[in-house]
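Whatever order the structure lists ligands and atoms in, that order sets their numbers, starting from 1.
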Amino acid sequence: MKKTTKFPDGFYWGGATAANQVEGAWEVGGKGISVSDVITVGTHQNPRRVSLDMSEQLYYPSHKASEHYDHYKEDIALFAEMGFKMYRFSISWVRIFPNGDEEKPNEEGLLFYDKIFEELKKYNIEPLVTISHNELPLHLAKKFNGWASRKMIDCFMKLCNVLFERYKDYVTYWIPFNEINNLSLPISGFVQGGIIADDMKTFGGGTDNAQLRFQALHHVLVAGAKAVQLGKSINPNFQFGSMTCHITLYPLTCKPEDIVLTQQEDLLRNCFCSDVQLKGEYPYFQEKYYQDNGIIIDITEEDKKLLKENLHDFYAFSYYMSVCRSSDPDADQTSGNIMGGARNPYLEESEWDWQIDPVGLRYTLNKVYDRYRVPVMITENGLGATDKFENGIIHDPYRIDYLRTHIEQMKEAINDGVELIAYTPWGCIDLVSVSTGEMKKRYGFIYVDADDNGEGTFNRYRKDSFNWYKKVIQSNGEDLN
Ligand code: BG6
């Protein structure tokens with residue numbers, strides 16, 4: 001293999017968002033209500049609340065978000081100014097099927113995305129489309145208990161059919177489900193699975209029913225395979241990505257018990273779903289986990305065939321941090337994205353206590369490429385931080401440092417031989433945080449003048465990182481200073 005320390009020609013530099021976190025306009029254009037629309041603002045200390053019947057006393061950040069719905073032209077022009085080659089975004093399910101069970105799609109919703117695709121085309125930016133990113137219709141959550149019901153598969157396929165037919169000439173790369181593995185943890189039961197626990201009051205709260213949640217995850221996996229099958233029949237050039245929220249895990253010590261604990265959790269959290277989507281069957285360790293926990297999944301022969309015959313084409317993952325696993329119950333703990341763990345004494349943490357680990361990105365890239373041998377995309381990465389906004393100027397050296405050190409490690413991984421084809425850092429424009437609902441947990445190159453309560457001008461400003469990233473892209477990753 002030829003050694004290179006350069007990013008390949010045609011590397012997809014870009015950025016990523018999700019509809020519910022950036023669009024706003026929650027009642028515009030016939031849009032329905034999604035699960036994210038009923039989750040209030042919170043903070044790092046106070047969890048977001050879920051109120052299925054909305055109250056005027058509470059603030060729901062997705063309702064305004066970054067007002068991208070009204071600013072999309074300006075936003076995409078700014079992405080183009082940075083030189084984006086790819087833009088990852090999600091199509092809000094409830095703009096297309098407001099309740100999820102209608103026969104016909106909402107034309108006004110589609111017209112909005114027509115404009116997005118046209119705008120991207122104008123600037124030669126490749127779209128990377130997430131079909132489901134926490135925008136499941138609330139109606140389906142209430143009617144079916146979300147993905148716990150097999151009936152969801154048909155609703156999702158209806159959405160896929162509309163999108164594949166309408167956008168077959170615009171899109172090559174699709175991600176059917178954002179961070180599909182999140183459902184392996186109770187925290188995502190509602191926001192991702194649409195499962196409503198009777199006593200659910202907060203985001204990720206309520207009594208977990210693992211049996212239901214893993215059955216829901218099975219339905220999601222089947223729907224993913226069906227999406228591949230349908231998509232390829234409509235346009236054989238479509239490429240489908242299996243996407244994992246990769247929480248990289250290290251043993252806290254070299255004690256063999258720590259190593260085994262880490263390995264087991266890594267398999268269950270990070271490998272299970274992508275193994276199914278890229279290898280075509282349930283892995284042995286997942287079957288053992290179900291046996292040990294009395295979980296019985298309804299898997300038909302037809303499901304197995306579908307999973308076997310409709311593999312995804314590329315591996316996509318989000319990478320923000322790593323944590324450790326320890327067999328010592330007294331080990332110092334830290335929080336994190338969908339899960340925390342034992343604190344790594346060698347790493348620093350963000351303001352929101354996510355451990356910053358650029359070298360872990362190289363390790364992870366090698367790990368996933370070795371496991372799957374398909375092209376890899378980093379579809380989320382970045383630092384959530386508070387920015388100081390003064391007279392339209394935002395100096396964000398911490399964000400530049402975070403991104404630079406991660407890009408350096410991407411280069412190392414490419415040099416190692418990993419086929420990395422895209423990098424779309426998260427929240428390329430400031431948007432609402434999923435875990436806290438805050439606006440002040442900012443990831444963007446573009447500052448949006450709005451606060452945690454949706455107050456502000458919503459004007460856009462270029463941060464220092466904007467100009468830095470522009471240089472990075474211009475030099476294809478050579479100029480990182
Ligand atoms: C990922 C999600 O898990 O993490 C994004 O796909 C999310 O939607 C991102 O925004 C960062 O998390 P947070 O909580 O900082 O928004």
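- Between the side chains of Gln409 and His406, no donor N or O sits under 3.5 Å from an acceptor N or O.
- Using cut-offs of 30° and 60° for the angle between ring planes, the Phe177 and Trp147 rings count as perpendicular.
- Geometrically, ligand 1 and Asn134 share no nitrogen or oxygen pair separated by less than 3.5 Å.
- Listed here is the closest heavy atom pair of Leu383 and Ser350: CD1-CB, 3.7 Å.
- Looking at Thr436 against ligand 1, nothing comes within 4.0 Å, counting heavy atoms.
- Scanning the protein heavy atoms around atom 16 (O) of ligand 1, the nearest turns out to be Val434 N, 2.7 Å.
- Between atom 1 (C) of ligand 1 and the options Arg442, Glu380, Glu438, the minimum heavy-atom separation is to Glu380.
- Atom 3 (O) of ligand 1 has its closest protein heavy atom at Glu179 OE1, 2.6 Å.
- Nearest heavy atom pair, residue Leu480 against residue Arg404, reads O-NE, 2.7 Å.
- If you check which protein heavy atom lies closest to atom 14 (O) of ligand 1, you get Ser435 OG, 2.5 Å.
- With hydrogens and angles ignored, the 3.5 Å screen pairs no side-chain donor or acceptor of Ser90 with any backbone N or O of Ala18.
- At least one N or O atom of Ser433 sits closer than 3.5 Å to an N or O atom of ligand 1.
- Proximity to Asn178 (heavy-atom distance under 4.0 Å) selects the following atoms of ligand 1: 6 (O).
- When each of Thr364, Asp357, Thr248 is paired with Ser322, the side chain to side chain donor-acceptor pair (under 3.5 Å) condition holds for Asp357 and for no other.
- Residue contact check: Tyr320 has heavy atoms under 4.0 Å from atoms 4 (O), 9 (C), 11 (C) of ligand 1.
- Note: no N/O pair closer than 3.5 Å links Asn182 and ligand 1 by distance alone.
- Considering backbone and side-chain N/O atoms, Cys245 never comes within less than 3.5 Å of an N/O atom of ligand 1.
- Nearest to atom 10 (O) of ligand 1 among the protein's heavy atoms is Gln21 NE2, 2.9 Å.
- Annotation for ligand 1: atoms under 4.0 Å from non-hydrogen atoms of Lys441 are 13 (P), 14 (O), 15 (O).
- When only modelled atom types and interatomic distance are considered, Tyr461 and Asp387 share no side-chain donor-acceptor pair under 3.5 Å.
- Nearest protein heavy-atom contact of atom 12 (O) of ligand 1 is Trp354 CH2, 3.4 Å.
- No more than 12 heavy atoms of other residues, nucleotides or ligands lie within 6.0 Å of NZ in Lys73, so this atom counts as exposed by the packing criterion.
- By the 30° and 60° cut-offs, the orientation of the rings of Tyr282 relative to His218 is tilted.
- Remark: the Thr43 side chain and the Glu438 side chain contain no N/O donor-acceptor pair separated by less than 3.5 Å.
- In this structure, the protein non-hydrogen atom closest to atom 15 (O) of ligand 1 is Tyr443 OH, 2.5 Å.
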